[in-house]
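Quick notes on the structure that follows.
Proteins come first, then strands; the chains are lettered A, B, ... in the order of their sequence lines, and each starts at number 1. Atom set for the values below is all heavy atoms of this structure, side chains included, hydrogens, waters and symmetry mates excluded. This one's a predicted model, so the numbers in the text were calculated from it and none came from an experiment.
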Amino acid sequence: MKTVTISHLGRHIGEEVAIDGWLHAKRSSGKIVFLQMRDGTGFVQAVMVRSDVSDDTFTEASALTQESSLRITGIVKAEERAPSGVELQAITLETLQLTHDYPITPKEHGVDFLMDHRHLWIRSPRQRSILKIRAEIIRAIRAFFDDREFTQVDPPILTPSACEGTTNLFHTKYFDEDAYLTQSGQLYMEAAAMALGRVYSFGPTFRAEKSKTRRHLIEFWMIEPEMAFTTHEESVEIQEQLIVYVVSHVLRHCEQELRTLGRDIDRLEKVVSPFPKISYDEAIAFLQKNGHEITWGDDFGAPHETEIAAQYEQPVFVERYPTSLKAFYMKPDPMRPEVVLCADLLAPEGYGEIIGGSQRIDDADLLFQRFEEHQLPADAYSWYLDLRQYGSVPHSGFGLGLERTVAWICGLEHVRETIPFPRLLYRLYP
RNA sequence: UCCUCGAUAGCUCAGCGGUAGAGCAUCCGGCUGUUAACCGGAGGGUCGUAGGUUCGAAUCCUACUCGGGGAGCCA
């Protein structure tokens with residue numbers, strides 16, 4: 001008997017095949033049983049009619065429970081009433097394990113309960129769809145950079161000290177030395193860009209911040225491209241192309257999953273070039289006009305970002321923030337040294353900042369001056385200062401937060417559903 | 001760290017000073033096209049923990065524990 005995946009059943013109409021999977025749901029009456037099967041590739045309904053099978057088989061099917069593992073053989077039928085257009089007319093049944101008391105019932109559940117059962121929750125159609133889309137977004141991001149001859153470089157996860165010196169890091173020991181989990185691979189990626197030209201990293205990042213909002217994870221994944229001989233404006237252009245590419249890839253490859261999530265496809269179809277660009281100055285003026293008590297030099301809070309982004313149907317770049325607000329390595333605008341050559345990309349629909357990027361300081365003296373201003377230990381970063389001593393060039397880069405991007409594209413309420421096993425404040429299980 | 005909301009059956013919740021409830025899940029019975037199927041029946045609870053007020057507390061008060069949402073910070 002040929003075993004096929006549910007996703008390929010449509011190619012076997014009229015044939016007798018076997019499927020291996022789990023029972024997602026069951027409905028039955030005295031003489032017919034409907035078995036909703038899932039195998040990871042999709043969902044299909046197997047229909048078992050009492051008169052078609054042996055009494056033992058029918059009794060066994062009637063007694064099956066949610067999430068029992070089983071193998072069913074039957075004839076593949078085209079069926080208009082089925083969501084996938086295909087059904088299996090069951091003939092034989094082999095129960096691998098009869099499950100008892102599966103915790104996640106077809107009824108509603110609270111966040112706490114579902115998070116405690118995350119290892120089982122990911123079996124649900126909704127969670128499966130999100131993880132599929134996450135995988136496709138990752139595939140699209142890699143394809144985008146690989147096609148443009150970027151080289152993937154993996155920065156270290158254990159680091160001797162803070163990269164940016166702003167957020168709280170996870171502390172650990174490296175034998176007798178202190179070590180920290182990385183909060184950004186950027187400085188290492190600048191070194192890599194001087195070696196390989198155009199590079200990108202894709203890996204986990206850790207922030208020991210006591211943040212508890214729908215936009216925060218303690219452990220999250222970030223894509224950090226870094227490009228030699230690239231200006232701020234050129235970097236922003238690449239960021240825009242990347243986002244357009246990723247969204248169109250998901251629209252093309254994940255139609256079924258987006259439908260399962262109930263995502264408003266129209267909103268995603270509006271993500272095309274060019275994206276609006278406004279300056280920090282214009283954003284401040286806009287907020288002031290709308291009654292916010294904010295002055296030039298203040299940073300935006302989450303409500304500010306949401307209000308700015310709400311003006312547009314596409315992601316919006318906010319450029320040239322005050323130098324005092326941004327990281328030490330960002331290059332000042334030569335025409336206006338009080339602002340830096342940077343941009344944040346704000347996603348629509350209140351999802352907040354998904355990209356932060358800038359042109360980096362390439363002048364050795366200015367960078368050293370910044371270290372003193374920010375009271376950073378120059379000796380710990382002497383390798384980074386070396387990059388400006390030996391063939392310094394204009395270069396730019398950015399960081400894309402994967403989970404926020406997934407949450408936005410999927411239209412989710414919270415980033416905790418975008419990663420298989422989220423690490424959240426006070427939640428390290430499962 | 002701060003603000004705010006919550007904790008009652010396996011799950012989701014109602015009850016808000018006077019004998020602990022419903023739906024779903026589970027078990028038993030019925031049903032040949034179900035889609036969170038439906039119909040009938042059964043079992044199932046130290047009301048988060050510790051104090052206090054009261055004749056009487058799931059209910060009011062205090063503290064603690066755990067969790068949700070948000071702020072700050074950030075992707």
Whole-Å gap separating [atom2] ([N]) and [atom1] ([X]):
| X | N | atom1 | atom2 | value |
| --- | --- | --- | --- | --- |
| A:Met115 | B:rG69 | CE | P | 10 Å |
| A:Asp112 | B:rU12 | CG | C1' | 13 Å |
| A:Leu169 | B:rC74 | CG | P | 13 Å |
| A:Asp299 | B:rC73 | CG | P | 6 Å |
| A:Leu346 | B:rA75 | CG | C1' | 12 Å |
| A:Leu424 | B:rG69 | CG | C1' | 13 Å |
| A:Phe43 | B:rA36 | CZ | P | 13 Å |
| A:His117 | B:rG67 | NE2 | C1' | 15 Å |

What's the separation between atom NE2 in A:His292 and atom CG in A:Leu287, rounded to the nearest 0.5 Å?
5.5 Å
Could you tell me how the ring of [X] sits relative to the ring of [Y]: parallel (under 30°), tilted (30 to 60°) or perpendicular (over 60°)?
| X | Y | answer |
| --- | --- | --- |
| A:Trp383 | A:Tyr188 | parallel |
| A:Trp296 | A:Tyr280 | perpendicular |
| A:Phe371 | A:Tyr384 | tilted |

Base paired to [N] (Watson-Crick or G-U; both N/O distances under 3.5 angstrom):
| N | value |
| --- | --- |
| B:rA7 | B:rU65 |
| B:rA14 | none |
| B:rU32 | none |
| B:rC27 | B:rG41 |
| B:rU53 | none |

[X] near the nucleic acid: base, sugar-phosphate alone, or nothing, with a heavy-atom cut-off under 4.0 Å?
| X | answer |
| --- | --- |
| A:His414 | sugar-phosphate |
| A:Gly301 | sugar-phosphate |
| A:Ile355 | sugar-phosphate |
| A:Asp344 | nothing |

So, under a plain 3.5 Å distance rule, would you say the side chain of A:His216 forms a donor-acceptor pair with the base of B:rC74?
yes
Do the side chain of A:Arg404 and the base of B:rC74 come within less than 3.5 angstrom through a donor-acceptor pair of N or O atoms?
yes
In whole Å, measure the gap between the [atom1] atoms of [N] and [M] for me.
| N | M | atom1 | value |
| --- | --- | --- | --- |
| B:rC64 | B:rU1 | P | 12 Å |
| B:rG48 | B:rG67 | C1' | 11 Å |
| B:rC11 | B:rG45 | P | 13 Å |
| B:rC61 | B:rA7 | P | 13 Å |
| B:rC13 | B:rG68 | C1' | 16 Å |
| B:rG43 | B:rA50 | C1' | 33 Å |
| B:rG56 | B:rG30 | C1' | 47 Å |
| B:rC28 | B:rU19 | P | 35 Å |

Closer than 4.0 angstrom, basic N to acidic O: yes or no for [X] and [Y]?
| X | Y | answer |
| --- | --- | --- |
| A:Glu240 | A:Lys277 | yes |
| A:Lys132 | A:Glu257 | no |
| A:Asp112 | A:Arg427 | yes |
| A:Asp264 | A:Lys270 | no |
| A:Arg263 | A:Glu349 | yes |

Do A:Asn290 side-chain atoms and A:Phe286 backbone N/O form a donor-acceptor pair below 3.5 Å?
yes
Say whether, by atom type as modelled, one donor and one acceptor occur between the side chain of A:Thr99 and the main chain of A:Thr65 under 3.5 angstrom.
no
Tabulate atom names and distances for all N/O pairs under 3.5 angstrom spanning the protein and nucleotides 26-33 of chain B.
{"from": "B:rC31", "atom 1": "N3", "to": "A:Ser28", "atom 2": "O", "distance (Å)": "3.4"}
{"from": "B:rU32", "atom 1": "OP2", "to": "A:Lys31", "atom 2": "N", "distance (Å)": "3.3"}
{"from": "B:rG33", "atom 1": "O2'", "to": "A:Arg81", "atom 2": "NH1", "distance (Å)": "3.2"}
{"from": "B:rG33", "atom 1": "N1", "to": "A:Glu87", "atom 2": "OE1", "distance (Å)": "3.2"}
{"from": "B:rG33", "atom 1": "N2", "to": "A:Glu87", "atom 2": "OE1", "distance (Å)": "3.4"}
{"from": "B:rG33", "atom 1": "N2", "to": "A:Glu87", "atom 2": "OE2", "distance (Å)": "2.3"}

For B:rG72, does either OP1 or OP2 sit under 4.0 Å from a side-chain N or O belonging to A:Arg215?
no
Measure from the side-chain heavy atoms of A:Arg416 and tell me the nearest of B:rG72, B:rG68, B:rA75.
B:rG68
Using the side-chain heavy atoms of A:Gln36, tell me which of these nucleotides is nearest: B:rA71, B:rU34, B:rA25.
B:rU34
Every protein N/O within reach of nucleotides 1-7 of chain B N/O, cut-off under 3.5 Å:
{"from": "B:rU1", "atom 1": "O4", "to": "A:Lys210", "atom 2": "O", "distance (Å)": "3.0"}

Does A:Arg27 or A:Phe113 map to a spot on RNA chain B nearer the 5' end, using the closest nucleotide for each?
A:Phe113
Geometric cation-pi criterion A:Arg198 and A:Tyr200, 6.0 Å radius, 45° cone
no
